[in-house]
Every structure is written in structure tokens, then in C-alpha cells.
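This report refers to the structure that appears directly beneath it.
Since the model is a prediction, treat every value here as computed from it, not as a measurement. The chain is numbered in sequence order, starting from 1.
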Amino acid sequence: MVLLTVRDDRRNELLALLEATRVASTREPGTLQWQLHDDSDDPTTLALYESFLNENAVEEHDRSAAAIALVAAFDDCLAAPPIVHLLHTRQTGT
């Protein structure tokens, strides 16, 4: 999960890049889920949730043209560095 604090004047640009990344990511065989969420209390905060089949799928995704273009735009579009939370699925009963 990635929390993004968007600059007001770059929100539309970032949303367009996120949409391009969503389209490309959902075509990757190792992508299980890709969702973008708006923070209901803060319009400058977006939460990106991605789920992948395995670590190889994450690495492939990170090397994709869409992901590289998105990350390259962060300096211009974000008001703060992204906050990345690496989550692992907990098996039921453990």
C-alpha cells in the first residue's frame, strides 16, 4: 500500500498517470489487485493498494514502463515523499 500526498495543482496530472498505470498493471499476469482510494477526510491524500502473485511479479511490475513513469512524476506531483507499507497476507488462524 502506498500513501500519496498530492500537490493541489498537479492532482489531475497524477490521476492521469495513475490511471495509465492501473490499465498497464491489470494487464500484467502477476497483478492480483490494483485499487486507488481517496481519503474521505483529506482530498490531497490518495491510497494506492496493489497486490501481486509473488515477489517476482512485484519486481516485474516495478520494472514496467508505466510504474517507472509514475515514480518519475512523484517529485513534481507530490507534496511529500510517498509512504510505502509492504503488507503480507496473514493466513487464517495464524
Item checked: Carboxylate-amine/guanidinium proximity below 4.0 Å for Glu60 and Arg63 -> no
Item checked: Minimal non-hydrogen separation, Arg10 against Val6, with atom names -> C-CG1, 4.3 Å
Margin query: Looking at Thr44 and Thr5, would you say the former's side chain and the latter's main chain have a donor-acceptor pair under 3.5 Å?
Written below: no
Item checked: Min side-chain heavy-atom separation Met1-Ile83 under 4.5 Å -> no
Notebook entry, point to check: About how many Å separate NE2 of His85 and CG of Leu3, when rounded to the nearest 0.5 Å?
Noted result: 5.0 Å
Item checked: salt bridge (charged side-chain N to carboxylate O under 4.0 Å, His left out) against Asp8, all qualifying residues, sequence neighbours excluded -> none
Item checked: Separation of Leu36 CG from Tyr49 OH (nearest 0.5 Å) -> 14.0 Å
Next item on the list: Rounded to the nearest 0.5 Å, what's the gap from SG on Cys77 to CZ on Arg11? Could you check?
Entry: 12.0 Å
Next item on the list: Check Pro82 against Leu4 and note the closest heavy-atom contact, atom names and distance.
Entry: CB-CD2, 3.8 Å
Notebook entry, point to check: Is it true that Leu18 and Val2 fall in one hydrophobic cluster, defined by side-chain heavy atoms closer than 4.5 Å?
Noted result: yes
Next item on the list: Treat each ILVMFWY residue as a node, draw an edge where side-chain heavy atoms are under 4.5 Å apart, and state whether Leu48 and Leu32 are in one component.
Entry: no
Check: Is there a path of hydrophobic side-chain contacts, each under 4.5 Å between heavy atoms of I, L, V, M, F, W or Y residues, that connects Leu86 with Leu53?
Finding: no
Check: Do Ile68 and Phe74 share a hydrophobic cluster, counting only Ile, Leu, Val, Met, Phe, Trp and Tyr and linking them when any side-chain heavy atoms are less than 4.5 Å apart?
Finding: no
Margin query: For Asp76, is there any backbone N or O sitting under 3.5 Å from a side-chain donor or acceptor partner on Arg7?
Written below: yes
Item checked: CD on Glu19 to OG1 on Thr21, rounded to 0.5 Å -> 9.0 Å
Check: Hey, what do you get for CG (Leu87) to CD (Glu50), rounding to the nearest 0.5 Å?
Finding: 11.0 Å
Notebook entry, point to check: Which value, rounded to the nearest 0.5 Å, describes the distance between Trp34 atom CH2 and His61 atom NE2?
Noted result: 8.5 Å
Checklist line | Non-hydrogen atoms of Ala24 and Ala66 that approach each other most closely | finding: CB-CB, 3.6 Å
Check: Going hydrophobic residue to hydrophobic residue with side-chain gaps under 4.5 angstrom, can you get from Phe52 over to Val84?
Finding: no
Checklist line | Minimum side-chain heavy-atom gap Leu46-Asp38 below 4.5 Å | finding: yes
